[in-house]
Amino acid sequence: MRLSAAVIAFFLASPVSAWADEASANSALVTGDASINKTPLDVDAAASATQVADGIGFPEGTVMVQDTLYFVDYQASTVNRLTPSGQAVVARLPGCGANGLVATPDALLVACYDSGTVQQVSRDGVKQRTFERGSKGEPFYRPNDLVADARGGVYFTASGDDSWLGKVFYLAPQGGAPVAVADNIRNANGIALSPDGGILYVGESTTDSILRFDVHRDGTLEGRALFADLDGLAPGGQAFRHTPDGIRSDGSGHLFVALYNGGGMWVLDDQGQLMTRVALPGEHHSNLALSRDQKTIYATALSGASGQIFKLPNPLLGRAP
């Protein structure tokens, strides 16, 4: 997550199957049902989390491409791939400010926060195409995060700021310029789809909340509603903020929310109720990804100027329905 100066000040006060993997890597599930465990489970992942990458300037945009984790480093503006020995740079995008990532059938789309563009690169890092404006000529002001749908389209957020509120754009599978499908979002951030693709979730970081929209078959949205007020869900006595950043979903409709402020990661049920709080190493947590079998989570962490990626068991494992 990248933040406007005003928000920072406020805080301080492949084949088609590969596309399907990314569009539904957040959809195969594991176990767990909020109706079984009404009391949120607290998990301290300090002991179970394994560091798998270090020395990242600002880790973001974690996505699984089949069984390989890809991510971006905002500070270096690179697209990277996790390897057995650490990480490898796939693409260098000077001036982009790489902040979000999603897989398409044979390429990757990168949300460029600094240049206000969305860039398409091949899996081996060759630049292929750049999207610079919406269908009505509007700019993408601070592109942030992306999610693919099952039809081959991609939604992405443009964070905006206090004078140009955030939007959601939809890039249809047939191509063309992205279309604005939602607006007036105060720092539009993480984005995810429900398992059936019928609901789009968007993190609104300024208000520490998650919004939901109904999705039409043509990709347009309606029925904006508040899905979860994260500060309101926090246990009594927790006066600090719980700011949503990256969001992922699983096949049962649970939402996994990386908290830029708030100490780690939360899991919400499909009604927006808090199921699990996971404490993670690091001060800030910008994104996460679920493995294809949904048993493992990869989570980013940032402490000062040092960024890491941790691997940990899915906290819903063992909460059998």
Side-chain angles (χ1 to χ4, degrees), residues 1-8 10-11 60-63 72 74 97-102 109-118 131-136 138-149 153-171 178-194 199-215 219-231 241-249 255-262 268 272 284-288:
M1 176 179 75
R2 298 303 302 168
L3 306 173
S4 67
V7 174
I8 290 173
F10 181 65
F11 281 163
E60 254 285 11
T62 44
V63 296
V72 298
Y74 170 79
N99 193 72
L101 190 65
V102 73
L109 287 180
V110 185
C112 295
Y113 190 90
D114 291 351
S115 65
T117 63
V118 173
F131 298 93
E132 298 180 338
R133 295 272 172 172
S135 60
K136 297 182 179 179
E138 65 270 61
F140 308 138
Y141 196 38
R142 296 174 171 163
N144 196 313
D145 209 352
L146 317 91
V147 66
D149 66 21
V154 170
Y155 291 94
F156 65 90
T157 55
S159 292
D161 64 12
D162 289 343
S163 62
W164 194 94
L165 295 181
K167 295 185 178 184
V168 176
F169 289 87
Y170 182 62
L171 177 60
V179 177
V181 291
D183 57 13
N184 294 321
I185 302 171
R186 299 179 65 192
N187 195 358
N189 203 329
I191 190 166
L193 284 161
S194 61
I199 301 172
L200 183 76
Y201 302 98
V202 178
E204 187 176 60
S205 290
T206 297
T207 62
D208 292 348
S209 62
I210 297 174
L211 307 175
R212 55 152 288 166
F213 299 84
D214 297 323
V215 179
T220 57
L221 307 176
E222 70 172 2
R224 171 176 172 157
L226 176 66
F227 177 73
D229 170 8
L230 300 190
D231 292 337
R241 298 186 62 186
H242 303 80
T243 306
D245 205 330
I247 305 171
R248 298 288 184 261
S249 64
L255 285 192
F256 295 72
V257 184
L259 297 175
Y260 188 80
N261 295 308
L268 309 179
H284 300 289
H285 306 89
S286 61
N287 223 319
L288 53 89

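FYI, the numbering just counts along the sequence from 1.
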Checking Ile210, Thr157, Asn144, Thr243 against Ser205 for side chain to side chain contact (heavy atoms under 4.5 Å, CB included), the one that qualifies is Thr243

To check you understand the geometry: which heavy-atom pair defines the closest contact between [X] and [Y], and what is its length?
{"X": "Ser209", "Y": "Leu226", "result": "CB-CD1, 3.6 Å"}
{"X": "Ala180", "Y": "Lys167", "result": "CB-CD, 4.5 Å"}
{"X": "Pro244", "Y": "Asp208", "result": "CD-CA, 3.7 Å"}
{"X": "Thr117", "Y": "Glu132", "result": "CG2-CG, 4.0 Å"}
{"X": "Leu200", "Y": "Val215", "result": "N-CG2, 3.7 Å"}
{"X": "Leu288", "Y": "Arg248", "result": "O-NE, 3.1 Å"}

Go through Leu171 and Leu146 one step at a time and tell me if the side-chain contact (heavy atoms from CB on, under 4.5 Å) criterion holds. CA-CA 10 Å; Leu171 177 60; Leu146 317 91; over 6 Å; no

Verdict with supporting geometry, Val202 and Tyr155, side-chain contact (heavy atoms from CB on, under 4.5 Å): CA-CA 10 Å; Val202 178; Tyr155 291 94; over 6 Å; no

Short side-chain to backbone donor-acceptor contact, His242 and Asp231, under 3.5 Å: no

Would you say Arg241's side chain and Thr206's backbone share a donor-acceptor pair under 3.5 angstrom? yes

Any side-chain heavy-atom pair of [X] and [Y] under 4.5 Å:
{"X": "Asn187", "Y": "Arg142", "value": "no"}
{"X": "Phe169", "Y": "Val118", "value": "no"}
{"X": "Ile191", "Y": "Phe156", "value": "no"}
{"X": "Asn99", "Y": "Cys112", "value": "no"}
{"X": "Phe227", "Y": "Leu255", "value": "yes"}
{"X": "His285", "Y": "Leu259", "value": "no"}
{"X": "Asp149", "Y": "Tyr170", "value": "yes"}

Once salt bridge (charged side-chain N to carboxylate O under 4.0 Å, His left out) is applied, do any residues pair with Asp214, and if so which ones, sequence neighbours excluded? Arg212

Set of residues satisfying side-chain contact (heavy atoms from CB on, under 4.5 Å) with respect to Arg224, sequence neighbours excluded: Asn184, Ile185, Glu204, Leu211, Phe213

Distance in Å, Asn189 CG paired with Ile247 CD1, rounded so as to fall on 0.5 Å steps: 7.5 Å

When rounded to the nearest 0.5 Å, the distance separating CZ of Phe256 from CG of Asn287 is 13.5 Å

Once you measure the plane-to-plane angle for Tyr74 and Tyr113, does it fall in the parallel (<30°), tilted (30-60°) or perpendicular (>60°) bin? perpendicular

Please confirm whether Phe131 and Phe140 have ring centers closer than 6.0 angstrom. no

